[in-house]
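This report refers to the structure that appears directly beneath it.
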Amino acid sequence: MLQKPRGTRDFLPDEMEARRHVELKLRDVARCYGYREVCTPEFEDLELFTMRSGEGIIEEMYVFEDKGGRKLALRPEITAAVIRMYINEAKVAPKPLRWCYFADCFRYERPQKGRYRQFWQFGVELIGADTAAADAETIMLASDMLNATGVRYELKVGHLSFMKNLVKDLEPAMQRRVRAHLDKKDYDGLNATLESLNRMDLAASLTALVNTRDLVEAFEIAGAIPEKERFEQTIGSLDAAGVKYSLNFGIARGLDYYTGMVFEGFAENLGAENQILGGGTYRLAHLFGGDDVASCGFAIGFDRVMVSLGDIQPAVVPVVGLVCTIEGRTRVLVVAKSLRDAGIRTEMDLMGRGLGAQLAHASKTANFAIVIGKREAESGQVTIKNLLTAEQKTVDLAAAIAEVRAFGPG
RNA sequence: GCCGGGGUGGGGUAGUUGGUCAUCCUAGAGGAUUGUGGAUCCUCCGACCCGGGUUCGAAUCUCGGCCCCGGCCCCA
């Protein structure tokens, strides 16, 4: 038997309904903040991703050559594509742009809990606003979106300038190495690196910076950073808006295109792969040949949110199972059309079953059975049966439709 | 790429000191029941991940591969 490719999943209807349910909540919050959906190609020139992240990421992507010999890659994330699109299509649109997307991405990695080779991201990009208000609103949006899903999570907000300021005298390669140590809380490695550089004087302040959760203390440790006022404003706005977060100056956010404020979200009940959100301010446009533009955005790891949420109660919707006898076969089609025109999910027998068997089937798949037999065909009425209560009555079709429509949770 | 645990009908399982027709539950189809469902009973459908090896004989032992789960690495 053929298996699906490694790290991919099939979604049955129950799961798709749960996913759409959560997706709609995310969409709704983004819409309320003024974000409009965009869509970019599933695959792009390989260069789009290597420009941004270096050749190393080829190992972690689905890379292929098309019949014209072009080097392409399935998108491993969407931010780069959105900025490319902005430069191609929307440079002169009024700023700021608020764009969002919900789309699948592909990474060639070893699957584990919450990590798949095809996975979905819900992301937003705020393009062209370079202010504390923009930074704060983006974090507020992230917080509201995660809250809307019901996932339990922790939000961490930081800023790259604090750490950069401490290590600014080191070689760029050494700066990255130090940040990598701190990101992993690898203090032995940190000390070894600093010792080899003869800069053990930095050890205490770096460690203190990564561990502090206090803004004033962070400024004292890191010294004068140029974005001090803006970050204070950002944090002040978050507090004023009642956003729940903690400060964390150890967030490194992987690569270098993040410029300042960064934030991450972690779900409480996942395993090693517990990060469900990541974002910050960044500048990418210059890489793709555009005038540089300040941007701020984040992406939510949709699949991890779903794993964290666990089983979701499906929405209760009315379903009608039509049941008919031979005499009712013609009229049942008319009734089916009326029900469907009224927006009611309606299913009828396609198996040639007898009345009892049709009803048995309806009891498993529907909330109501509507019976069209000889009597109903002659009288022009229908018999509607509530399959939960077993109550049954013969009424006009309009009355039956009204009863089905009145059905709902609780 | 690395470490550990796994893979038996659609789902869940029994069976692994090698030996009848591979167990049971559930789901699905049909019937007992051609104007009323959920119960019961009967019938049917349907599996040893793939390939090589050892053997008279492999679900069971062995080797390789694939896939799943957890972790490492990485995480743009």
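In the text below, chain A, chain B and the rest are named by the order of the sequence lines, each starting its count at 1.
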(request) For A/Leu270 and B/C69, give me the distance from atom CG to atom P, rounded to whole Å. (result) 14 Å
(message) With a 3.5 Å limit on both atom pairs, tell me what B/G18 is paired to, counting Watson-Crick and G-U wobble, or say none.
(response) none
(request) Classify the nucleic acid contact of A/Arg75 as base, sugar-phosphate or nothing, counting any heavy atom under 4.0 Å across all strands shown. (result) nothing
(request) Measure centre to centre between the rings of A/Phe102 and A/Phe302, then say whether the value is under 6.0 Å. (result) yes
(request) For B/U16 and B/C61, measure between their P atoms and round to the nearest Å. (result) 10 Å
(message) Out of the candidates A/Gln118, A/Arg115, A/Arg19, only one should pair with A/Asp303 under the side chain to side chain donor-acceptor pair (under 3.5 Å) rule; please name it.
(response) A/Arg19
(request) Would you confirm whether the ring centroid of A/Trp120 sits within less than 6.0 angstrom of the ring centroid of A/Phe11? (result) yes
(message) What is the separation between atom CZ on A/Phe266 and atom P on B/C75, rounded to the nearest whole Å?
(response) 13 Å
(message) How long is the straight-line distance from OG1 of A/Thr394 back to NZ of A/Lys385, given to the nearest 0.5 Å?
(response) 11.5 Å
(request) Could you state the atom-to-atom distance from CZ of A/Arg353 to P of B/U33 in whole Å? (result) 19 Å
(message) In whole Å, measure the gap between the P atoms of B/U20 and B/U54 for me.
(response) 23 Å
(request) Measure the distance from CG on A/Asp10 to P on B/C67 and round it to the nearest whole Å. (result) 15 Å
(request) Could you measure between the two P atoms, the one in B/C44 and the one in B/C24, and give it in whole Å? (result) 13 Å
Listed pairs, N/O of protein and of nucleotides 34-38 of chain B, under 3.5 Å:
from, atom 1, to, atom 2, distance (Å)
B/G35, O6, A/Lys374, N, 2.3
B/G35, O6, A/Arg375, N, 2.5
B/G35, N1, A/Glu376, OE1, 2.8
B/G35, N2, A/Arg375, NH2, 3.4
B/G35, N2, A/Glu376, OE2, 2.8
B/G35, N3, A/Arg375, NH2, 3.3
B/U36, O2, A/Lys385, NZ, 3.1
B/U36, O2, A/Gln392, OE1, 3.2
B/U36, N3, A/Gln392, OE1, 3.1
B/U36, N3, A/Gln392, NE2, 3.1
B/U36, O4, A/Gln392, NE2, 3.0
B/G37, N7, A/Lys385, NZ, 3.0
B/G37, N1, A/Leu387, O, 2.6
B/G37, N2, A/Leu387, O, 2.8
B/G38, N1, A/Leu387, O, 3.1

(message) Measuring only the P atom in each nucleotide, how far is B/G53 from B/A59? A whole number of Å is fine.
(response) 15 Å
(message) Please report the interatomic distance CD(A/Gln121) to CG(A/Leu277), rounded to the nearest 0.5 Å.
(response) 10.0 Å
(request) Sticking with atom C1', work out how far B/G30 lies from B/C68, rounded to a whole angstrom. (result) 36 Å
(request) Provide the Watson-Crick or G-U wobble partner of B/C67, both distances under 3.5 Å; none if there is no partner. (result) B/G6
(message) So A/Gly114, base contact, sugar-phosphate only, or nothing? Heavy-atom distance under 4.0 Å.
(response) nothing
(request) Give none if B/C44 has no partner; otherwise give the nucleotide forming a Watson-Crick or G-U wobble pair with it, both distances under 3.5 Å. (result) B/G28
(request) Name the nucleic acid region contacted by A/Met61, choosing base, sugar-phosphate or nothing; use a 4.0 angstrom heavy-atom cut-off, strictly under. (result) base
(request) Please measure how far the P atom in B/G51 lies from the corresponding atom in B/A14, and state the result in whole Å. (result) 25 Å
(request) Please state how far atom CG in A/Leu160 lies from atom P in B/A76, giving the value in whole angstrom units. (result) 12 Å
(message) So does A/Ala342 get a backbone contact from the side chain of A/Arg405, meaning a donor-acceptor N/O pair under 3.5 Å?
(response) yes
(request) Starting at atom CD of A/Glu15, determine the distance to atom C1' of B/G10, rounded to an integer number of angstrom. (result) 16 Å
With 3.5 Å as the limit, what N/O pairs link the protein to nucleotides 72-74 of chain B?
from, atom 1, to, atom 2, distance (Å)
B/C73, N4, A/Gln112, OE1, 3.4
B/C73, N4, A/Arg115, NH1, 3.0
B/C74, OP1, A/Lys184, NZ, 3.0
B/C74, O2', A/Glu60, OE1, 3.4
B/C74, O2', A/Glu60, OE2, 3.3
B/C74, O2, A/Glu109, OE2, 3.1
B/C74, O2, A/Arg115, NH2, 2.7
B/C74, N3, A/Arg115, NH2, 2.5
B/C74, N4, A/Glu273, OE2, 3.4

(message) Under a 3.5 Å cut-off for both contacts, is B/A59 paired Watson-Crick or G-U wobble with anything, and if yes, with which nucleotide?
(response) none
(message) Could you tell me how far B/C49 sits from B/U8 if I compare only their C1' atoms? Round to whole Å.
(response) 10 Å
(request) Quick one: look up who B/A76 pairs with, Watson-Crick or G-U, both distances under 3.5 Å, and put none if it's unpaired. (result) none
(request) Sort out the partner of B/U13 for me: Watson-Crick or G-U wobble, both distances under 3.5 Å, none otherwise. (result) none
(request) Step by step, work out the side-chain hydrogen bond (donor to acceptor under 3.5 Å, both in side chains) result for A/Glu376 and A/Thr383. (result) CA-CA 7 Å; A/Glu376 290 81 2; A/Thr383 297; 2.4 Å; yes
(request) Verify whether one side chain among A/Glu125 and A/Tyr282 offers a donor that lies under 3.5 Å from an acceptor in the other. (result) yes
(request) Starting from P on B/C75, measure out to CZ on A/Arg304 and report it in whole angstrom. (result) 13 Å
(message) Nearest 0.5 Å, please: how far is OG in A/Ser295 from OH in A/Tyr86?
(response) 7.5 Å
(request) Rounded to the nearest angstrom, tell me the gap between atom CZ in A/Arg176 and atom P in B/A76. (result) 14 Å
(request) Output the distance between atom CG (A/Leu160) and atom CZ (A/Phe249), rounded to the nearest 0.5 Å. (result) 11.0 Å
(message) Between B/G9 and B/C45, how far apart are the two C1' atoms, rounded to whole Å?
(response) 9 Å
(message) For A/Phe219 and A/Phe162, I'd like to know if the aromatic rings sit close, meaning centre-to-centre distance below 6.0 Å.
(response) yes
